[in-house]
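Sequential numbering from 1 along the given sequence is applied to the chain's residues. Any value given below was found using the heavy atoms of this structure, including those in side chains, with hydrogens, waters and symmetry copies removed. For ligands, and for the atoms within them, numbers begin at 1 and follow the listed sequence.
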Amino acid sequence: MENNTSSKKILKKLFSDGYCIVKNVLTDHECDKIVKNLEKLKHKTSNNKYFIDERSNNGQVTIRDLPLREPKIYLKLIDKTVIINILKNIFNETFILDNCQGSESINVKKNYKSLVHIDSHLANKFVGQTSDVVVCFCLNSFAKENGATKIWPKSHLSGVRIQNDKNYSKEIKKKYKYAEAEKGSAIFFLGQTWHQIGKNSNSEKRWGILCHYKKWWIKPSTDWTKCGPKIYNLLNKRQKELFGFTSISPKFNLKKQVRTLKTLRKSSQLNSNYFKTIQY
Ligand SMILES: [Fe+2]
């Protein structure tokens, strides 16, 4: 577990450079187990005619919504103590999960294509106002040759949403770094830091899991509150908060002509029979 000193160091580096690599977040055994599962999911999704393959032709395999696909494996990743402690210090208010997805960089040679971008909707220059944070678990070692993530240090201070910038081609020539990291590390980066998936040129495996967190008042990309009773019953208090159960907009009761005043509530106020009492 992280102690205060290292949490402080991580925060300092994150705020100054826009990213920070933290070693030994997962053991080799955990990484191998997860990679095995991701390969299984990759096979399963390739046989699913409804699955949307986003951009494997261009060098990235993406499998979104992992905690809903295999809750027992992925739920424990989203609320790791080391991560929650850092996030608490960045957000200073309730935060939720935007998504948790597998991301593999694959060798597609000349077909590699990928946009430098930020994940935040707003490119906020003020680190104290960071609205979202990404944590990338490195399940294999990340090296330049197998497609380590490219990061533009200090770009979080630019106030530029690079993918929409008219000077895109010129701007991305600025200095970037490959986030080379040992297997089991986690790369933290602020949602406003410019980044891009690297090009896999040696065909070595490069699986990562991207967990994206946001302040509670931003809409997540998946509505986790529709997870159903089976998954709901597996969630601890923190995970319920991350799924957004403590920040659902109140419903107006047409019969009584009232509604709960506040959107944000405490996890202790959540009904354990949530799915029995809810009416859609
Ligand atoms: Fe991204």
Side-chain angles (χ1 to χ4, degrees), residues 14-15 17-22 25 38 52-67 74 77-78 83 86-87 90-91 95-106 108 112-125 127 129-140 142 144 146-165 168-169 171-172 174-181 185-200 206-215 218-222 242:
L14 250 177
F15 283 166
D17 291 344
Y19 77 105
C20 180
I21 300 171
V22 180
V25 175
L38 285 168
I52 300 166
D53 178 358
E54 296 173 47
R55 42 190 315 282
S56 67
N57 289 341
N58 297 127
Q60 183 176 22
V61 172
T62 303
I63 308 173
R64 296 180 189 262
D65 310 310
L66 293 174
Y74 298 103
L77 283 187
I78 65 172
I83 290 167
I86 304 285
L87 296 178
I90 299 174
F91 291 125
F95 51 90
I96 55 168
L97 183 70
D98 176 76
N99 215 296
C100 168
Q101 64 197 58
S103 165
E104 184 190 28
S105 175
I106 51 171
V108 288
Y112 166 81
K113 209 167 90 187
S114 157
L115 202 64
V116 182
H117 66 281
I118 65 169
D119 287 357
S120 293
H121 285 266
L122 294 174
N124 200 323
K125 307 183 174 195
V127 288
Q129 292 177 9
T130 297
S131 59
D132 53 338
V133 175
V134 182
V135 180
C136 174
F137 293 98
C138 307
L139 305 172
N140 304 110
F142 276 30
K144 181 186 169 186
N146 72 348
T149 311
K150 281 159 79 177
I151 292 182
W152 278 252
K154 301 201 185 288
S155 55
H156 65 304
L157 305 170
S158 66
V160 171
R161 195 166 195 266
I162 185 65
Q163 63 266 48
N164 305 129
D165 196 86
Y168 177 85
S169 337
E171 289 288 306
I172 60 164
K174 285 182 182 165
K175 269 198 175 161
Y176 59 81
K177 273 199 168 168
Y178 285 94
E180 297 196 302
S185 308
I187 307 164
F188 285 72
F189 54 96
L190 303 181
Q192 62 273 43
T193 302
W194 304 1
H195 62 280
Q196 178 186 36
I197 188 163
K199 180 181 177 176
N200 186 328
R206 201 237 71 163
W207 271 108
I209 289 186
L210 296 163
C211 287
H212 189 187
Y213 302 88
K214 288 180 161 171
K215 290 199 174 208
I218 305 174
K219 208 187 299 191
S221 57
T222 294
L242 290 172

Could you check if a side-chain atom of R206 sits within less than 4.5 angstrom of a side-chain atom of F142, using non-hydrogen atoms only?
-> yes
- Looking only at side chains, do D65 and N99 share a donor and an acceptor under 3.5 Å apart? yes
So the protein N/O/S atoms within less than 2.8 Å of the Fe ion (ligand 1) come down to H117 NE2, D119 OD1, H195 NE2
With distance as the sole criterion, is a donor-acceptor pair present between the side chains of Q192 and N124 under 3.5 Å? no
Here the gap from K125 atom NZ to H156 atom NE2, rounded to the nearest 0.5 Å, amounts to 12.0 Å
Q) Between the side chains of H195 and D119, is a donor N or O closer than 3.5 angstrom to an acceptor N or O? A) yes
*Any chance the side chains of Q60 and S105 put a donor and an acceptor closer than 3.5 Å?*
no
